[in-house]
Structure formats: C-alpha cells, structure tokens
There are 2 protein chains.
Amino acid sequence: MKVNYPNGETKTPEIKRVKTHGMLFEEAINQTNEYYRNKDLAHIYKKPTPVQVVKVSYPTRTKAKIVEAYYRKPSTTDYNGIYKGKYIDFEAKETNNLTFSFTHIFSHQLKHLEAVKKHGGLAFVIIFYKKVDKVVIIDIEKFMELYNIGLKGGKKSISYEDALTVGIEVERKFAPPIDYLAAVDKLYF
Amino acid sequence: MKVNYPNGETKTPEIKRVKTHGMLFEEAINQTNEYYRNKDLAHIYKKPTPVQVVKVSYPTRTKAKIVEAYYRKPSTTDYNGIYKGKYIDFEAKETNNLTFSFTHIFSHQLKHLEAVKKHGGLAFVIIFYKKVDKVVIIDIEKFMELYNIGLKGGKKSISYEDALTVGIEVERKFAPPIDYLAAVDKLYF
C-alpha cells in the first residue's frame, strides 16, 4: 500500500485531541463497552494511550511518581476485543468539520486494520460527525477504496453523506450511548 | 468466581516488575510478535502500560511534556491480537522462584481470560521460570483448575513440573526468541 498523504506520518493531531475535545466521544464508547461487558455480549477495551516514561521518582516506598514522560504514537488502533467469537478491532475518530479528512488517521493504523480483516477479524473505522451529531461505522475495505481514490488525486475526505453510502449509521441511545455492535451486526453478520 | 487470595487485589507487584527485571522476557515476547507480524503469521501486540496523567506542561507549542503521572492497574492482560482467524489473549508472567505464586496475577485478569475463552477466543497464561530458564503456556481453564484448588486450601502456586503436566513448553530459538505460537498450535489446533 503506497501512502503519501502530506503530514500523514509526521503530524500527530490525534494524541492532543484525545486529551481535550475527544474525551466525550471516547467516554461514550468506553461506557458502551462497559455495558457490553456487563451483559457479557462482547469484551472490548480501549488500549491505554502509550506513554514513554523518562523519569520516575519515589516520594514514598510504595508509589512510583512519573515526573517526565511523553505521549507516543499508538502502534495500532484504539479498541480491540472479542465479539461473537470474532476478533474485533477499530479506530474511533471524530471531526468538527462536515467531512472527515484522511490526514487525521495514521497510515500504519489503516495497514493494521487491513491485516486484521485479511486474517478473518472485523475491522472498521467509527467516525463521529460532531456538526450533525451522527456516528457511522465503515468497514476497512470500503474505507480503503475511498482512501485510495484520494491518493490518486480524488477526494481526500469522507463526508457524512458519503459515509452513509458505504457504512452503517450507529443508533444513539441512552444505554448503551453508542450502540455500535448493532451496526456491526448489520455490516458483518 | 470466588477470589480471596490475601493481597490478590490490593498489591500491585507486577507494575513495578515490568519496569525492572521483567523487561527481558517482555522484550523477547515483543520481538517474537514483531517476527510474527513481519511474516504475517499473527498480529499480536503488547498493550501499553496504563498511566494516569495528572499534569502536562507545554515547553514548546508542539510537544506535550507529562510532568506528573502514575502507573495504573491494567484493565485486562498484557497481550492480544489475531491468529488463524481467532482472537488470542494472554498474560505474561515470570518468576524468580521455582514455582509461580497465584498472588502474582490479578483476579480480574483471570476473569477476563475466562470470558475470552467462553466467547471462543484463545486464552492462556505464559510463564517464564527464570531459575530453570523455561517457558510454558497454560490454557486458562487448566490454570483455573489449579487456581481453584489453591482457593480451597491446596497448593497456591504452580511449579515448573506442574506446569508441564497441564501446559505446553515453549521452544526457545534464535528467531523468534519465544516461539509461543508453536505451543499454541499444539494446545488448540
């Protein structure tokens, strides 16, 4: 897979986002996963944000205090686990714009999702379009079709309307807040 | 599952260990996973160590520096991913003693591995017996049988010899250093 989006590899906008505006969407997915676990429907977790620890102090003998560390680029995606006997893996993204720009996802994350799909897992991107308050899941193969069109000089983003043509909208509820497994069922089962 | 090992829930010996003696075994597993990925045999990663970030400073506009943070207890296990279309999940442990004590594994990690197995995944514990320089994988069901005997007043640890009777020994090689998937094949496929 050839990947040459400008900034695609070097910028790390996601990491900062996760700590600020991203929190609500991430929190909603985490709550959803907890709901699924409590019902024993699926066991899916968010991976911890990777941190490079440089210096640790021991103010007491029992507790280590990290005093110098830096965020690292995640190796893979945000979430993975098991659902209906299948390995499930996805990246969660949100956008303040009407379209989701491909510069906001790392190419190594896409490669990882492609590998998961190839090995028989469920692999997708879940996008929260904040402006219209909608959530859509897109299977990695469909996502890559649009991504590759972008690489060849076509559109370098996915609008909410485009997302609906290739993906499945996620119903919003009280509990679970982001019932994405219902969309996964429609997409894969 | 009733769990009442003294200190089983409150002590966190693992976290400290990971940063010190644990590194070599962890490093060997990480190298093994990288080998598997390069051969496209399996896509398995170590989850980042969870860190609770309290304070971040911005010495430059582009780089966030974490200046106060603490290690958190991991939600699940060390490693997960996909192998032969199956979800695979395991916890890696090492011991300086001739036996592996059950106090060195969190009960919520065992519950997680049991849930994975129940949902059709491959779930096991991989133990490195440093004194004899041997590595064994034990399926979570077999592990829990021994664990539960311990809860009822029996042996509260697994010796290398016991491990061999219920698990599969992992061959040590130059590349990959810890070829645990060969043992997984014998155990599950």
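Chain A is the first sequence line, chain B the second, and so forth, proteins listed ahead of strands; every chain is numbered from 1.
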Group every Ile, Leu, Val, Met, Phe, Trp and Tyr by side-chain heavy-atom contacts under 4.5 Å, then state whether B:Y79 and A:I82 land in the same group. no
Residue B:V56 versus chain A: region with a heavy atom under 4.5 Å: side chain
Please determine, among B:K47, B:E68, B:K65, the option with the most heavy-atom pairs under 4.5 Å with chain A. B:K65
Closest approach of A:P48 and B:P50, non-hydrogen atoms and distance? CB-CA, 3.8 Å
Other residues, nucleotides, ligands: >12 heavy atoms within 6.0 Å of B:E171 CD: no
Contacts with chain A made by residues 35-44 of chain B (heavy-atom distance under 4.5 Å), listed by residue number: B:D40, B:L41, B:A42, B:H43
Connected hydrophobic set around B:F174, excluding itself, where side chains approach under 4.5 Å: none
Look up atom OG1 in A:T76 and atom NZ in B:K46, then write down how far apart they are to the nearest 0.5 Å. 12.0 Å
Would you indicate whether the side-chain heavy atoms of B:K63 and A:Y71 approach each other to under 4.5 Å? no
Please report the interatomic distance OH(A:Y87) to CD1(B:I88), rounded to the nearest 0.5 Å. 11.0 Å
Do other residues, nucleotides or ligands put more than 12 heavy atoms under 6.0 Å from the NZ atom of A:K142? no
Identify which part of A:K55 has an atom lying under 4.5 Å from any heavy atom of chain B, answering side chain, backbone, both or neither. neither
Whatever's closer than 4.5 Å to a heavy atom in chain A on B:Y70 counts as both
Sort by residue number and list every member of residues 178-189 of chain B having a non-hydrogen atom under 4.5 Å from chain A. none
I'd like to know if A:V51 and A:V54 are part of one continuous hydrophobic network [Ile/Leu/Val/Met/Phe/Trp/Tyr, side-chain heavy atoms within less than 4.5 Å]. no
Would a hydrophobic clustering, with Ile, Leu, Val, Met, Phe, Trp and Tyr connected at side-chain separations under 4.5 Å, put B:Y45 with A:F90? no
Where on B:V67 is there a heavy atom nearer than 4.5 Å to chain A: the side chain, the backbone, both, or neither? both
Measure the spacing between CD1 of A:I66 and CD1 of B:I66 and express it to the nearest 0.5 Å. 8.0 Å
Among residues 116-129 of chain B, those lying within the under-4.5 Å heavy-atom range of chain A are B:V116, B:K118, B:H119, B:G120, B:G121
Answer key: most heavy-atom pairs under 4.5 Å with chain B among A:S75, A:G81, A:A115, A:G85 is A:G81
